[in-house]
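This report concerns only the one structure given below.
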Amino acid sequence: MQENKRPTRRRGGSATRSAWFGFVERLSFRARLAILLALLLVPVILAFGALAIQRVDSADRAAKHQAQMALAASSVGFRETLEGIRSSLAVLAAIEMASSGGAADCGTELRRIVDQAGDRFVSLLIADGSGDILCSSTAGSDVRNVGAWGSFRAAQSSGGFAIGGLAMGPIAGIPVVAASYPLMMAGKFSGAVIAGVRRDHLLRAGRRAALPRGGAIALIDSRGDRLSLPADPADGGRRWSWPLPPVGTVADARDSRGRAALVAATELDDELKLAIMVPAESLTRVSRELWTQGALMVVLLGALIGTIAVGFSMLVVEPIRALRNAVADAADTAAVVAIRAAVPGAPIEIRNLASAFERASSQIKEREQRLVALATQREALLRELNHRVRNNLQVVSSLLRLQSRRATAPDARQAIRTAEERVRALAILHRHLFANTDSVQVNLRDFVSAIGNEIYVSLEDVPARERVTLVIDLPHQPIDADVAIPLGLIIAEAMANSLRHGYPPGRGGQMKVSWSESRGRAQFVFADDGIGFVDTPHEVQRGLGRTLIEGFAGQLGGTVDVQRADGCRLQVDFPWARATSVLA
C-alpha cells in the first residue's frame with residue numbers, strides 16, 4: 001500500500017510545481033519583483049505586529065496594575081473612615097446611655113456628640129431590639145422604628161458593626177450612609193446605636209485617594225445604588241455610568257471622552273462596595289505611538305518599494321526593452337546589426353546577453369543567406385523538372401496521336417487514342433498540381449472543373465460540350481496532392497469513358513460529380529444518365545478502365561462501387577481527414 005501511495009504524492013507534487021512554474025512564467029519582471037518584495041516585507045510586518053502586540057499587552061498590564069494600586073489606596077482611606085465611625089459608635093454603645101439616663105438627657109447627649117463630631121454625623125439614634133427608637137439627636141423626627149433599615153438588620157444578624165446602603169436621610173433630609181453598632185446584654189442583641197454618616201465625610205475619604213485627573217470613585221450598596229465621588233471637586237456633577245466588574249478584576253471601559261479606561265471594584269463591607277475608574281493613559285499613549293509608527297513604517301516602506309521599482313526599471317527593465325527592440329530590428333533587417341550598441345550602459349549580464357544575441361543573429365543571417373540560395377536553386381531545378389515533365393508528356397501525347405493516325409485497324413487506333421487521352425489527363429493533373437510550386441494542395445472544385453474542361457477539349461472528334469453538360473456539386477475545399485492525383489485520374493477515366501461510350505451521336509444528357517463526408521470517410525460520386533459504363537472492345541472482359549479506376553482507388557485506401565442501371569454511377573469511398581488549407 002505504501003508503494004502505491006508514494007507515486008501519487010510525487011505526481012501531485014509535480015503537478016503543483018508545474019502549475020506554479022506555469023504561473024510564474026506568465027509574469028513580467030515587475031510582477032516577479034512585486035512578489036519578491038511582498039515576500040521580503042512579510043517578516044518585517046510580522047515582526048512589527050508582534051512588537052506592537054507585546055507593547056500593547058505590556059501597557060495593558062501596567063495600566064491594570066495602576067488601577068489596582070489606586071483601588072487599594074482608595075480602599076485604605078475608606079476603611080480608615082469606616083473604622084473611625086465604628087470606634088465612635090462602639091464608645092456610645094459602651095456608655096449604655098439608653099439605660100443610664102432619661103430620654104431627654106439621652107437626646108441632649110446625642111446632640112452634643114453630633115455637634116462635637118463636626119461634619120462626620122448627621123444624626124444619632126438608639127433603638128431597642130425591635131427597632132423602636134429610644135432616643136434621637138434630632139427632636140421632632142417622624143421616624144419611630146428602624147427595624148426595616150438594612151444596617152439595623154445587618155447588625156442584628158451579625159452581632160457586629162454594619163453599614164447600610166446609600167439613601168436620603170429620613171431625619172436630616174440629606175444623602176447619608178446608615179451605620180449601626182449592636183447593643184449586647186448577656187450575649188443577646190438588645191438594640192443598636194445608629195448613625196447617619198454625612199456624604200461629605202465620605203467624599204473626603206475619596207479625595208484622599210489621589211486619583212489621576214479624570215478618575216472617579218463610587219460607593220455602591222447591595223441594592224445597586226451609587227454614590228459618585230469624583231476626585232476633582234470641579235467635576236462633581238459626573239455620575240458613575242460604568243458597569244461594575246467582578247470583585248478582584250479589572251475591566252476595560254471608555255471614559256466620557258471616548259478614551260481607554262479601566263474599572264475595578266472591591267468590598268468594603270457586606271453592604272458596600274468601592275468602585276474606581278482611572279484613564280488608561282499609558283495604553284492610549286502606546287496605541288497612539290503604534291499608529292504613528294505604523295504610518296511612518298508604511299510611508300518608509302512605500303518609499304523603499306518605489307525606489308526599488310524605479311531603480312529596477314531603469315537598471316533592468318529599460319535595458320531589456322532596448323535589447324528587445326534591437327533584436328527585433330536585427331530580425332527585420334537583412335544586414336547584420338550591432339545589438340551591443342543598443343545597451344551601452346546596461347549591467348554586464350545584459351551586455352553579455354546582447355553579445356550572444358549579436359553572434360546568434362550573425363549566424364542566423366549567414367544560414368538564412370545559404371537557405372535562400374538553396375531555395376532559389378531548388379526552385380530553379382523544380383521549375384526545370386516540371387518543364388521537362390510537361391514537355392515529355394506533350395511529346396508522348398503527340399507520338400501517340402501520330403501513331404493512332406498510322407494505325408489501320410480500328411481497335412488498334414482506338415487503343416492508341418485511349419492511351420493518348422490518359423497521357424493528356426496526366427499532363428492536365430501535372431499542370432494544375434504544380435503550377436504553383438509553393439503549394440501542395442489544390443482546390444477540389446476548381447481542380448475537377450479544370451479537368452472536365454480539358455477532357456472536353458481532348459475529345460476533338462466528339463462535340464460533347466453541346467450535348468452533355470457537367471454539373472459539379474463540390475465544395476471549395478483544399479485537398480492534398482497525394483489525394484488529388486489518383487482522384488483526378490479516376491475523374492478523367494470515368495468522364496472520358498462516359499463521353500465516348502455513354503452518349504452515342506444524337507444523345508444528350510448530364511454528368512454530375514458530388515462529394516460527401518461522414519465519420520472520417522469521404523464519398524466521391526460520378527454519375528451520368530447515358531447508356532451505361534462500357535469497356536472498349538479491344539480490352540479484356542473486366543476492362544482496363546475499370547482496372548485503372550480500382551487501382552487509383554486503392555492508392556487512396558478506398559473501394560469502388562459501380563452501378564449500371566439508368567446510366568452509370570461510380571462511387572469511390574476512402575478514408576478522409578480534412579486538410580488544413582494552405583491556399584491563398
Side-chain angles (χ1 to χ4, degrees), residues 36-80 205-220 226-236 238-268 272-308:
L36 180 60
L37 289 177
L39 294 176
L40 292 177
L41 291 178
V42 167
V44 177
I45 296 174
L46 291 178
F48 179 80
L51 291 176
I53 292 174
Q54 183 179 3
R55 288 189 60 186
V56 170
D57 183 67
S58 177
D60 182 65
R61 288 198 302 269
K64 289 181 178 179
H65 178 71
Q66 180 185 9
Q68 291 174 340
M69 295 299 294
L71 179 63
S74 300
S75 64
V76 170
F78 277 102
R79 293 181 192 279
E80 290 177 353
R207 291 168 186 152
R208 287 200 302 270
L211 290 176
R213 183 177 181 83
I217 297 178
L219 288 175
I220 303 172
R226 293 171 173 82
L227 175 63
S228 297
L229 304 174
D232 186 359
D235 198 19
R238 183 195 305 145
R239 299 287 297 173
W240 183 271
S241 59
W242 297 275
L244 189 65
V247 174
T249 62
V250 180
D252 296 325
R254 293 284 176 180
D255 64 10
S256 58
R257 299 180 181 179
R259 297 172 300 183
L262 297 172
V263 178
T266 187
E267 290 184 348
L268 297 177
L272 281 180
K273 291 182 180 179
L274 177 65
I276 185 173
M277 186 282 295
V278 294
E281 296 180 355
S282 60
L283 188 61
T284 303
R285 183 178 61 257
V286 168
S287 299
R288 189 183 306 114
E289 290 175 356
L290 287 176
W291 277 107
T292 303
Q293 293 172 0
L296 180 61
M297 186 183 73
V298 170
V299 172
L300 292 178
L301 290 179
L304 177 63
I305 292 174
T307 302
I308 293 176

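- Here the side chains of K64 and T249 are not in contact, with every heavy-atom distance at 4.5 Å or above.
- A pairwise comparison of heavy atoms in V250 and A264 identifies CG2-CB, 4.1 Å as the closest pair.
- Atom CG of L262 is separated from atom CG of L71 by 11.5 Å, given to the nearest 0.5 angstrom.
- The closest side-chain heavy-atom distance from D60 to D252 is below 4.5 Å.
- Closest non-hydrogen pair, P245 versus A265, comes out as O-CB, 4.1 Å.
- Rounding to the nearest 0.5 Å places CZ of R55 at 5.0 Å from CD of Q293.
- Remark: I305 pairs with L37, L41 by the side-chain contact (heavy atoms from CB on, under 4.5 Å) rule, at least two apart or across chains.
- One distance of note links CZ of R79 with CG of L274; it measures 8.5 Å at 0.5 Å rounding.
- Legend: residues meeting side-chain contact (heavy atoms from CB on, under 4.5 Å) with A253, ordered by chain and number and at least two apart, are W242, V263.
- In terms of heavy-atom proximity, A275 sits nearest to L244 at CB-CD1, 3.5 Å.
- Residue M297 qualifies as enclosed at atom CE: its count of foreign heavy atoms under 6.0 Å is above 12.
- A distance of 14.5 Å separates CG of L296 from CH2 of W291, quoted to the nearest 0.5 Å.
- Side-chain contact check for T266 versus K273: every heavy-atom pair is 4.5 Å or farther apart.
- Atoms CD and CD1, on Q68 and I276 in that order, are 11.0 Å from each other to the nearest 0.5 Å.
- Using a distance-only test at 3.5 Å, with no hydrogens or angles considered, no donor-acceptor pair links the side chain of S58 to the main chain of Q54.
- A pairwise comparison of heavy atoms in M277 and A261 identifies SD-CB, 3.7 Å as the closest pair.
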